[in-house]
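First up is the structure itself, then whatever we jot down about it.
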Amino acid sequence: MMLRISDLRAAYGKAEVLHGIDLEVGLGEVVCLIGRNGVGKSSTMKSIVRDQIAVTGGEIIFDDRSLAGMRAHEVIRRGVGYVPEDRRVFASLSVLENLNVPRPVAAADRRRWTVDEVFRLFPQLHDYRHRKAGVMSGGEQQMLSIARSLLTCPKLLLLDEPHEGLAPKIAEEVVDAIVALKREGVSMIVSEQALNTIRRCADRVYVIDRGMTVWNGSVDGFYADPEITRKFLMVQ
Amino acid sequence: MTGQDLKTWRAKVARATVSWRFVVPALAVVLAINWMASTSTSTMMTEIMIMALFASSLNLLMSFGHMVSFGHAAYFGLGAYGFTLAVVRGGVPPELALAVGPLVAALGGLVFGALCVRLTQIYFAMLTLACAQITYTVLFQWYDFTGGDTGITGFMIPRFGLSEKGYATAVLAVVTLCLLALWGIVKSPLGLSIRAVGQDRYRAEALGLGARRVQLVAFVIAAFFAGVAGTLYSVLHGAAFPDYAGLGITLDGLIMVVIGGLNSFAGGIWGAIIYELLATFVSKVIHEWELVLGLILLAICLAAPAGFAGVSARLRAMLGGIR
């Protein structure tokens, strides 16, 4: 198992937002986290990479080692790539400079991505490589954000709402890229709302509600039970 | 090295290469003025060059690292006193002591920086101020070692006995090398890391960069070059005074960077030139020259926040458009 999370609890200041997340991701597996807005999907990802959230309980084991006490950059260097919901590109740096920020970690068991390879995955980025990232469209910024995370040479990639706020055509291109990454054998956790994406990418699904994992199973199992969608995904 | 690696390396070198079209004529102009001007003008030029280096070191923190330091003079002072005390108390030959000043400043930057980078924004700024005030107080109060408020004078012939013009030429060489080194750092992978952490430390961490470590490295580098400036200043006057580490020098540096232009490498250089020229020439016409400086600052903050470098870049773009 590449990642195992058990009874994860986390808080922003004194407000606990995760009350018991259990999650497992295997080698080369793509797991989708689904749930309504604000139930804890992004917080789960932030907890894994220690991004401005305090883990208050539970355990995160990645690659047979606990991530307890590690700082964000140490988690990343252990092999976790993270694409946040708000993309956070370095606006005043060019695309090429953004791609040169990550320090790749050389390890025998890690796929080493190069700038040329991510340009092949996202050809638009090559066309705009000298353009400032801040003036690119949301879709292009999202591609840049994913490309940049790949350059940290991750074993596991966390994608938080990868096509949130994107035009349908661009969103489809981003999903195509995720499918391409899956074919490359990249393990991923994708926080997702779009059922179409889940069908195309996911191996398994975790449903999160009010800071807890409330259901997990195969994609087929998820679609076979409409009660899950009604109970945990529809606006009530 | 594979073909791809070689290509990447060449691209990096190309990015780090300074545009000699600007540097060579600028050096020629400075040398020509120094050769033709009076000795007092040469001394003024020397001060401008030293302050340009000091402001550029502060600019590395402010424009690229987004770290506003209210205590950068501490490293200017440590450079000056590191050199002076090495000669006076350590018996080190002055020529060798030239290397001691910047190293002492860098060491100070390492110690204080490790403390300061634990915090961000205004708390970072306040910590830098506190560290500088500690440095100033030690220099001011420790009479037996630092000479206290009277400083240390008369320990060497100012400028190593060189003429004003000779020393200005020597300072031009040192400052040019230091500015080229700073430029190389800004354009290097380390510089990219400094800029990335400055823009969004959390995102930089999420890309595997240790934000604090990167900031500390930037802090030490800035302290080192401020120390070089302090050492050169101490040699110029053959003296060291606690005021070198005082708030006044820090404020001078901050004003220079803002006037010259934040987010521009040349900002520190332009700022030092404008500030020193104002201080020299306007003060001869108006006694309260700080009033003029205040008005200029006001105008820049309101109308041209990118400073002189930003205005000149805008003008160049406009002229390019006309052509």
Side-chain angles (χ1 to χ4, degrees), chain A residues 45-46 48-53 70-94 96-105 110 112 114-117 119 129-130 132-134 141 144-154 157-158 160, chain B residues 1-16 62-66 117-118 120-121 186-218 261-265 267 305-306 309-310 313 317:
Chain A
M45 293 196 175
K46 287 180 174 187
I48 297 170
V49 294
R50 303 295 197 274
D51 182 25
Q52 303 170 74
I53 191 168
M70 284 190 187
R71 291 174 58 84
H73 69 279
E74 292 166 333
V75 174
I76 300 299
R77 294 185 79 76
R78 296 263 317 138
V80 181
Y82 175 47
V83 181
E85 187 181 2
D86 52 4
R87 296 158 201 144
R88 286 195 241 153
V89 295
F90 300 114
S92 74
L93 302 187
S94 71
L96 208 49
E97 285 175 325
N98 265 273
L99 294 174
N100 277 310
V101 169
R103 293 280 160 271
V105 178
R110 309 236 314 240
R112 182 158 184 175
T114 64
V115 173
D116 284 343
E117 282 173 318
F119 279 153
R129 60 192 181 282
H130 298 302
K132 293 263 186 267
Q141 288 190 7
L144 175 57
S145 191
I146 295 173
R148 206 172 49 174
S149 293
L150 287 174
L151 290 166
T152 63
C153 306
L157 188 60
L158 313 182
D160 194 358
Chain B
M1 191 182 267
T2 65
Q4 184 57 43
D5 289 341
L6 194 65
K7 228 165 75 182
T8 312
W9 179 77
R10 278 186 186 147
K12 276 180 184 168
V13 170
R15 280 202 305 278
M62 287 177 64
S63 291
F64 301 102
H66 291 209
V117 299
R118 301 181 74 82
T120 57
Q121 298 172 358
V186 166
K187 291 293 168 188
S188 71
L190 170 65
L192 198 56
S193 301
I194 292 170
R195 290 155 74 193
V197 170
Q199 281 191 33
D200 186 341
R201 61 180 290 137
Y202 297 111
R203 188 63 201 129
E205 290 223 330
L207 290 169
L209 296 180
R212 277 187 196 166
R213 190 176 302 171
V214 170
Q215 287 182 319
L216 180 58
V217 170
L262 280 167
N263 302 321
S264 158
F265 182 80

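The figures that follow rest on heavy atoms only: side chains count, while hydrogens, waters and symmetry mates do not.
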Okay, side chain of B:Gln199, backbone of A:Ala91: is any donor-acceptor separation there less than 3.5 Å?
yes
Report which part of B:Arg213 has an atom under 4.5 Å of a heavy atom belonging to chain A: side chain, backbone, both, or neither.
neither
Return the option, out of A:Leu151, A:Leu93, A:Val49, with the maximum number of heavy-atom pairs under 4.5 Å with chain B.
A:Leu93
In terms of heavy-atom contacts, does CZ of B:Arg118 have more than 12 from other residues, nucleotides or ligands at under 6.0 Å?
no
Just jot down the side chain to side chain donor-acceptor pair (under 3.5 Å) partners of A:Asp160, sequence neighbours excluded, or say none.
A:Ser42, A:Ser191
May I ask you to check whether B:Ser193 and A:Arg103 show a side-chain donor-acceptor distance below 3.5 Å?
yes
Enumerate, atom names and distances included, each donor-acceptor pair closer than 3.5 Å involving a side-chain atom of residues 202-209 of chain B, sequence neighbours excluded.
from, atom 1, to, atom 2, distance (Å)
B:Arg203, NH1, A:Tyr82, O, 3.2
B:Arg203, NH2, A:Tyr82, O, 2.9
B:Arg203, NH2, A:Ser149, OG, 3.3
B:Glu205, OE2, A:Arg71, NH2, 3.2
B:Glu205, OE2, B:Ala211, N, 3.3

